[in-house]
Amino acid sequence: MCVVSLAAGRKLLASVTFLAEVFLWYAFRPSVHCDSALSRTSGSSVWFAMKLQCDVEVVNRMLPTFGMKSRGKGTRAVISIGKHLDKTSQRSNIYMMICTAKDRAGSKYKLKDNIEKFFTWFVEEGKATVRLKEPAVDICLSKADANSLKNFLSAARLADRGSDTSSLPLSTLTPVRARDVEQPKKKLTIVSKKDYPLTSNFPYSLEQLQVSYCKLSRVDMRMLSLKALRKLDLSNNHIKKLPATIGDLGCLSELVLNNNHLEAFSEALCLSTLQRTLQILDLSQNRLRSLPAQFTQLRELVNLKLDDNELVCLPFHVGRLSKLRFLSAAHNQLAVLPADFRKLSLENLDLFGNPFVQPNPLDHTMKLKFPVPLQELASRAVANLRIPYGPHLIPAHLCRDLEVSKTCDCGRVCISFYIKTAVSMNLHQVSHTVVLVDDMGGTDAPVQQHFCSLSCYSEFLDNSLQRGVR
């Protein structure tokens, strides 16, 4: 039996922990910023200075003692972790150096056994604080790339513990260039394939990104890590499919995808965080034949462009887009508009160039059964009485049926059994400005109408005949 002393066990555990951290560092570190020229080459190893671009505020913890407050605002900076020769002791130690536009030479802070605490509650938002023992300052970091920040803090933690410096990506600390401490870039436009970045990442701080005429066949996944992105313009490319992860862009309010090869807009995108953020969506000049029923979950939409596709219908509950003010669906294959279209309240509407049918109340689709099935009666009762329902109360397929319920002329609801026809509606009823529907100067379009019973349909026909409608 082998007996290991407590001290030896602790030493072994510390070694294993250190090796694990080093392994994780090399396994998951992102591409880091480095000097344009490599600082030093030793044998077969190349050494880099670990750098992080972010906003920095150095807060002296003694300020409250003198009745003073910190400025509360960070300055754009480059923070490096590297070796620095102490001229007094002639020994190299590991320091953190902060370089700003006003101080490109940088201020240095020793790291070994000098970090009192890390504050990382908001590291996913690119924020963290490093509290030093000497001097008594808090180094507050913000507006950093979350992954780069995590790895930077891991390196600082290893340096604080006095880990073997040969395991850290370090170099001699040097002043930064002026462009390294510029304010983060918020807008980028690329309209040529030769300008498209292949080896470098997009600036993490981007809020607006346009990549057009680059012949992209798919969305570059690097774009989907731009958490501050508000506008994404990928027009005039060859994109066929949208990744569901576009829905992870939590700030995205404008998505422009006109003139691509899209054949579908997925349900996953409709159920993502885009529900709360997306206001402008341009899907014109694609190959869309339909939109999912869940499309109407994008309740924040204000401007929707669907021109020059192959749409044969609009989403059944399009009227739920209560904030929609601009709708353009010209040059599609629409024969009739959904009944819910009446609920829209638009400022501008363009439906020119669709093959709308001439509505005739006598032309109808009969989907009634006699007697009406019990399930239909029960579903109608749930809808008419506004009884709460959900998959935790009734089967999921019944919930889906209720989601596409139709409203009869009498005000009652029908689900799967009804009579359907089309009636003419002047589009000025739903929009202040209407682009002419055809070359004849018309602004009328056919809209679906449903009836829950024969008596309701008969009454509708009587009224139509009395008005002279054929």
For [X], all residues meeting ring-ring contact (aromatic ring centres under 6.0 Å, His included), sequence neighbours excluded:
X: Phe341; value: none
X: Tyr109; value: none
X: His238; value: His261
X: His317; value: none

For [range], pull every pair meeting salt bridge (Lys or Arg N to Asp or Glu O under 4.0 Å), keeping only residues two or more places apart or in separate chains.
range: residues 307-317; result: Arg289-Glu310
range: residues 252-262; result: Lys231-Glu254
range: residues 314-332; result: Glu300-Lys323, Arg320-Glu403
range: residues 128-140; result: Arg61-Asp138, Arg131-Asp138

With the side chain counted from C-beta on, respond yes when [X] and [Y] share a heavy-atom pair under 4.5 Å apart, and no when they do not.
X: Leu153; Y: Phe118; answer: yes
X: Leu304; Y: Leu324; answer: yes
X: Asn258; Y: Leu283; answer: no
X: Ser379; Y: Leu402; answer: yes
X: Leu334; Y: Leu314; answer: yes
X: Leu209; Y: Phe202; answer: yes
X: Ser225; Y: Asn201; answer: no
X: Leu149; Y: Asn151; answer: no

### Message
What verdict does the side-chain hydrogen bond (donor to acceptor under 3.5 Å, both in side chains) test give for Asp401 and Ser405, after you've listed the backbone C-alpha separation in whole Å, the side-chain angles of each residue and the deciding distance to 0.1 Å?
### Response
CA-CA 7 Å; Asp401 290 343; Ser405 60; over 6 Å; no
Spell out, as yes or no, whether a donor-acceptor pair under 3.5 Å connects the side chain of [X] to the backbone of [Y].
X: Asn260; Y: Leu257; answer: yes
X: Asn93; Y: Lys110; answer: no
X: Asn332; Y: Asn309; answer: yes

### Task
Check the pair Asn259 / Asn236 against side-chain hydrogen bond (donor to acceptor under 3.5 Å, both in side chains), numbers first and verdict last.
CA-CA 5 Å; Asn259 197 17; Asn236 301 290; 2.7 Å; yes
Can you see which heavy atom on [X] is nearest to which on [Y], and at what distance?
X: Ser212; Y: Ser235; answer: OG-OG, 3.1 Å
X: Asn237; Y: Cys214; answer: OD1-N, 3.1 Å
X: Cys54; Y: Ser142; answer: CB-O, 3.2 Å
X: Lys185; Y: Lys187; answer: CE-O, 3.3 Å
X: Pro197; Y: Arg222; answer: O-NH2, 2.7 Å
X: Leu288; Y: Phe265; answer: CD2-N, 4.1 Å

From [X] atom [atom1] to [Y] atom [atom2], the distance as rounded to the nearest 0.5 Å:
X: Ile98; Y: Ser80; atom1: CD1; atom2: OG; answer: 9.5 Å
X: Leu349; Y: His428; atom1: CG; atom2: NE2; answer: 9.5 Å
X: Phe295; Y: Ser290; atom1: CZ; atom2: OG; answer: 11.5 Å
X: Ile81; Y: Leu52; atom1: CD1; atom2: CG; answer: 9.0 Å
X: Leu224; Y: Lys227; atom1: CG; atom2: NZ; answer: 8.0 Å
X: Ile246; Y: Leu274; atom1: CD1; atom2: CG; answer: 8.0 Å

### Query
Under the ring-ring contact (aromatic ring centres under 6.0 Å, His included) rule, what pairs show up with a residue in residues 120-140, not counting sequence neighbours?
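Non-adjacent pairs meeting ring-ring contact (aromatic ring centres under 6.0 Å, His included): Phe119-Trp121.
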### Message
Taking side-chain hydrogen bond (donor to acceptor under 3.5 Å, both in side chains) as the cut-off, I'd like each qualifying pair that reaches into residues 338-351, sequence neighbours left out, listed once.
### Response
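Those involving residues 338-351 are Asp340-Lys343, Arg342-Gln449.
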### Query
Taking only residues at least two apart or on different chains, which pairs with a member in residues 267-276 satisfy side-chain hydrogen bond (donor to acceptor under 3.5 Å, both in side chains)?
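For residues 267-276, and leaving out neighbouring residues, there are no side-chain hydrogen bond (donor to acceptor under 3.5 Å, both in side chains) pairs at all.
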### Message
With a 4.0 Å cut-off on N to O distance, would you call Lys241 and Glu263 a salt bridge?
### Response
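No, this pair does not count.
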### Task
Any chance you could lay out the side chain to side chain contact (heavy atoms under 4.5 Å, CB included) test for Thr75 and Val56, step after step, and finish with the verdict?
CA-CA 5 Å; Thr75 302; Val56 178; 6.0 Å; no
### Stepwise side chain to side chain contact (heavy atoms under 4.5 Å, CB included) test for Leu321 and Leu327
CA-CA 11 Å; Leu321 299 175; Leu327 173 60; over 6 Å; no
#### Entry: For Arg380, all residues meeting salt bridge (charged side-chain N to carboxylate O under 4.0 Å, His left out), sequence neighbours excluded
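Scan of Arg380 (salt bridge (charged side-chain N to carboxylate O under 4.0 Å, His left out), adjacent residues dropped) gives Glu376.
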### Query
Knowing that exactly one of Leu306, Leu262, Leu311, Ile239 qualifies, which makes a side chain to side chain contact (heavy atoms under 4.5 Å, CB included) with Asn286?
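Result: among Leu306, Leu262, Leu311, Ile239, Leu262 is the only option passing the side chain to side chain contact (heavy atoms under 4.5 Å, CB included) with Asn286.
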### Task
Apply side chain to side chain contact (heavy atoms under 4.5 Å, CB included) to Ile280 and Leu255, showing your working.
CA-CA 6 Å; Ile280 300 174; Leu255 180 59; over 6 Å; no
### Task
Carefully, step by step, assess Ser253 and Thr277 under the rule side-chain hydrogen bond (donor to acceptor under 3.5 Å, both in side chains).
CA-CA 5 Å; Ser253 62; Thr277 63; over 6 Å; no
### Task
Could you walk me through whether Met223 and Leu232 pass the side chain to side chain contact (heavy atoms under 4.5 Å, CB included) test, one step at a time?
CA-CA 9 Å; Met223 300 175 187; Leu232 178 59; 4.3 Å; yes
For [X], does the [atom1] atom sit with more than 12 other heavy atoms under 6.0 Å from it, leaving out its own atoms?
X: Glu116; atom1: CD; answer: yes
X: Phe326; atom1: CZ; answer: yes
X: Lys305; atom1: NZ; answer: no

### Message
Is the terminal nitrogen or CZ of Lys215 (NZ for Lys, CZ for Arg) located under 6.0 angstrom from the six-membered ring centre of Tyr196 and within 45° of that ring's axis?
### Response
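Pair Lys215/Tyr196 does not count as cation-pi.
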